[in-house]
Student: 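Please read through the structure below; I'll follow up with questions.
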Amino acid sequence: MPWRETQNPYIIWLSEILLQQTRVDQGMPYFYKFIDNYPDVSKLAKAEEREVLRLWEGLGYYSRARNLHATAKLIVEKYSGIFPQSYNELLKLKGVGPYTAAAIASFSYNEPVAVVDGNVYRVLSRFFGIKDDIASPSGVKKFRELANALIPIKDPSTYNQAIMEFGALHCVPVKPKCENCPVSAQCYAFGANEQSSLPVKNKKIIKKNRHFNYLAFVWKDKILMKERKGKDIWQGLYEFYNNESSEILDPGNLLEKLPSSELTIVKSSEVMKHILTHQILFCKGHIINVNSKSAFNAIKGALDLNEFSINQINDLPKPVLIQRFLKQCEF
DNA sequence: AAACCGGGGGT
DNA sequence: ACCCCAGGTTT
């Protein structure tokens, strides 16, 4: 992996943010895109947030991209372009938590502080038979203290890489390769045959159903979109007019309060089911041709939308759901 | 402490 | 349907 062949904190930081809750295979192409577009922290700091989100498009957890950009600007403006060099200082950066601070501090600066990611929880809980809930604050503390007691002063970087890789490739969540494990003789889970019940994670996620009804208003080569704001999903990304309701609505109902004589439904998507970690979105969208400029402007004003040329929306950051909608409508 | 924040892949 | 992913922030 390219970020292993350097101690450049910018490269390490970027790769670690990209890989938070993300498989290496999924994050890899994004890593190359970011390195190509922003080879150093000052280039990233100079970018527009919208451009950064556009590159992040499809990866999810978009606050990572917003924090990445904000931190790049902070590094340039307040730190003279030099990353802080200790775990405690790194921890102050937006989007950098205990795992990422430990990764940067150990990989870039050889600070002996342990990374504790999903792999490390799994390896330590199985090997030592620790049954504390890894989602509870007390469990997190216990694992972090244990990991920091184990880390060697001599080469903390290699140790951190090694325990994560051991978890990622060998001590895997399902069917760990115990028959071919160098430490199975000392492993609690192997001896007790409890591999499948460790680590303990009690948190259960409740998924909420939501229903999005999208209307994409088009007039000539213009189209109306809106940036999502507030505390909801997809902050900073663009979507069409979204009438959220308790169920999928007919286009007739959706157009009720609009000048229907001026509107033509050109195309409708199927009902799409879009599954997020804690929400299930049901979504149906419609492409609406608007027959006059005045009606187009009236809708834009009434629904508080922004006007873009159709070519332009390629460059707007959009949720995958919007991309699916556009693809279904062959737009 | 609990909720929230995406999307993809494996079983 | 459920779990996991080289987690972090907000409430």
Side-chain angles (χ1 to χ4, degrees), chain A residues 1-4 12-31 53 56-68 70-71 90-104 106-107 114-123 133-141 143-144 147 157 159-176 196-208 210 228 230-237 239 272-281 317-324:
Chain A
M1 294 183 278
W3 46 86
R4 281 197 184 164
I12 304 290
W13 167 68
L14 173 61
S15 69
E16 293 300 342
I17 302 292
L18 276 165
L19 293 174
Q20 288 168 3
Q21 293 291 283
T22 303
R23 291 168 193 281
V24 171
D25 288 345
Q26 188 187 1
M28 190 75 82
Y30 288 85
F31 174 79
L53 282 169
W56 201 274
E57 184 178 278
L59 198 56
Y61 284 158
Y62 296 94
S63 65
R64 289 183 293 168
R66 298 193 301 272
N67 288 335
L68 183 84
T71 293
L90 288 160
L91 203 49
K92 295 175 182 173
L93 303 175
K94 269 189 191 174
V96 175
Y99 166 78
T100 305
I104 301 170
S106 64
F107 301 163
V115 294
V116 184
D117 73 336
N119 295 306
V120 176
Y121 283 122
R122 192 166 54 252
V123 171
D133 184 353
I134 64 169
S136 72
S138 61
V140 169
K141 186 164 181 280
F143 280 99
R144 200 174 296 156
S157 175
Y159 172 84
N160 276 338
Q161 303 270 8
I163 190 168
M164 286 195 286
E165 180 143 328
F166 180 65
L169 300 181
H170 207 93
C171 193
V172 290
V174 180
K175 292 184 185 173
S196 63
S197 58
L198 289 170
V200 174
K201 195 189 297 186
N202 291 325
K203 185 166 59 176
K204 59 177 177 184
I205 297 167
I206 301 164
K207 284 191 155 96
K208 282 186 178 174
R210 298 175 72 176
R228 286 186 68 95
K231 296 172 185 175
D232 207 346
I233 56 173
W234 302 333
Q235 190 183 327
L237 277 65
E239 63 180 4
M272 297 174 286
K273 186 178 181 181
H274 195 74
I275 300 171
L276 306 180
T277 300
H278 44 275
Q279 303 184 23
I280 300 178
L281 308 179
K318 299 172 291 295
V320 166
L321 178 60
I322 293 292
Q323 299 175 50
R324 289 178 59 195

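All figures in this text were calculated on a predicted structure; none of them were measured in a lab.
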Student: Under 4.0 Å between any heavy atoms, over every strand shown, what does A:D232 touch: base, sugar-phosphate, or nothing? Just pick one.
Tutor: sugar-phosphate
Student: I want to verify a distance call: between C:dC4, C:dA6, C:dT11, whose nearest atom is closest to the A:Y99 side chain?
Tutor: C:dA6
Student: Taking OP1 and OP2 of B:dG7, is either one under 4.0 Å from a side-chain nitrogen or oxygen of A:Q26?
Tutor: no
Student: Under 4.0 Å, heavy atoms only, any strand: does A:L59 hit a base, just the sugar-phosphate, or nothing?
Tutor: base
Student: May I ask you to say whether A:D117 pairs ionically with A:R122, meaning some side-chain N is under 4.0 Å from a carboxylate O?
Tutor: no
Student: If you check every side-chain atom of A:E16, which of B:dG7, C:dA6, C:dG7 has the closest atom?
Tutor: C:dA6
Student: Starting the side chain at C-beta, find the nucleotide from B:dG7, B:dC4, C:dC4 nearest to A:K201.
Tutor: C:dC4
Student: Does A:R64 contact B:dC5 through a side-chain donor or acceptor facing the base, at a distance under 3.5 Å?
Tutor: no
Student: Could you identify the nucleotide paired to C:dC3, looking across every strand shown and requiring Watson-Crick or G-U wobble geometry with both distances under 3.5 Å?
Tutor: B:dG9
Student: Under 4.0 Å between a side-chain N/O of A:W234 and OP1 or OP2 of B:dC4, yes or no?
Tutor: no
Student: Determine: side-chain N/O of A:T100 to OP1/OP2 of C:dG8, distance under 4.0 Å, yes or no.
Tutor: yes
Student: Are A:R228 and A:E239 ion-paired here, with the side-chain N under 4.0 Å from a carboxylate O?
Tutor: yes
Student: Looking only at the side chain of A:Q20 (C-beta and beyond, no hydrogens), which of the listed nucleotides B:dG6, C:dG7, C:dA6 gets closest?
Tutor: C:dG7
Student: Find which nucleotide of DNA chain C each of A:F107 and A:G95 is nearest to by heavy atoms, and output the residue with the more 5' nucleotide.
Tutor: A:F107
Student: Assign A:R4 to base, sugar-phosphate, or nothing according to its heavy-atom contacts below 4.0 angstrom with the strands shown.
Tutor: base
Student: Pick the C1' atom in C:dC5 and in B:dA1, then give their distance to the nearest Å.
Tutor: 23 Å
Student: Mind checking if A:G167 touches a base, just sugar-phosphate, or nothing, with heavy atoms under 4.0 Å?
Tutor: nothing
Student: Taking atom P in both C:dA6 and B:dT11, compute the distance separating them and give it to the nearest angstrom.
Tutor: 14 Å
Student: Categorize A:Q161 for me: base, sugar-phosphate, or nothing, with a 4.0 angstrom heavy-atom threshold over every strand shown.
Tutor: base
Student: Report the nucleotide, chosen from C:dA6, C:dT11, B:dG8, that has the shortest atom-to-atom distance to any side-chain atom of A:K231.
Tutor: C:dT11
Student: For a quick check of understanding: with a heavy-atom distance under 4.0 Å over all strands, which category does A:K175 fall into, base, sugar-phosphate or nothing?
Tutor: nothing
Student: Name the atoms and distances for all side-chain donor-acceptor pairs under 3.5 Å in residues 160-171 of chain A, with sequence neighbours left out.
Tutor:
unit_1: A:N160; atom_1: OD1; unit_2: A:V115; atom_2: N; d: 3.2
unit_1: A:N160; atom_1: ND2; unit_2: A:S106; atom_2: OG; d: 3.0
unit_1: A:N160; atom_1: ND2; unit_2: A:V113; atom_2: O; d: 3.0
unit_1: A:Q161; atom_1: OE1; unit_2: A:R4; atom_2: NE; d: 2.9
unit_1: A:E165; atom_1: OE1; unit_2: A:R4; atom_2: NH1; d: 2.9
unit_1: A:E165; atom_1: OE1; unit_2: A:R4; atom_2: NH2; d: 2.5
unit_1: A:H170; atom_1: NE2; unit_2: A:K177; atom_2: O; d: 3.1
unit_1: A:H170; atom_1: NE2; unit_2: A:N180; atom_2: O; d: 2.8

Student: So which nucleotide from C:dG7, B:dG6, B:dG9 ends up closest to the side chain of A:R23?
Tutor: B:dG9
Student: Can you tell me how far P in C:dT11 sits from the matching atom in B:dG6, rounded to whole Å?
Tutor: 15 Å
Student: Pick base, sugar-phosphate or nothing for A:V96, based on heavy-atom distances below 4.0 Å to the nucleic acid.
Tutor: sugar-phosphate
Student: Closer than 4.0 Å, any side-chain N/O of A:H274 to the OP1 or OP2 of B:dG6?
Tutor: no
Student: Considering every strand and a 4.0 Å limit on heavy-atom distances, what is the contact class for A:G97: base, sugar-phosphate, or nothing?
Tutor: sugar-phosphate
Student: For the side chain of A:H278, starting at C-beta, report the closest nucleotide among B:dC4, C:dA1, C:dA6.
Tutor: B:dC4
Student: Using a 4.0 Å heavy-atom cut-off across all strands, classify A:S63 as base, sugar-phosphate, or nothing.
Tutor: nothing
Student: Classify the side-chain pair A:Y62/A:E57 by whether it contains a donor and acceptor separated by less than 3.5 Å.
Tutor: no
Student: Does A:R122 put a side-chain nitrogen or oxygen below 4.0 Å from OP1 or OP2 of C:dC5?
Tutor: yes
Student: If you compare every side-chain N and O of A:Y62 against the phosphate oxygens of B:dG7 (OP1, OP2), does one of them come in below 4.0 Å?
Tutor: yes
Student: Return the nearest nucleotide to the side chain of A:Q279; candidates are B:dC5, C:dT9, C:dA6.
Tutor: B:dC5
Student: Under 4.0 Å, counting only non-hydrogen atoms across every strand here, what does A:V24 touch: a base, just sugar-phosphate, or nothing?
Tutor: base
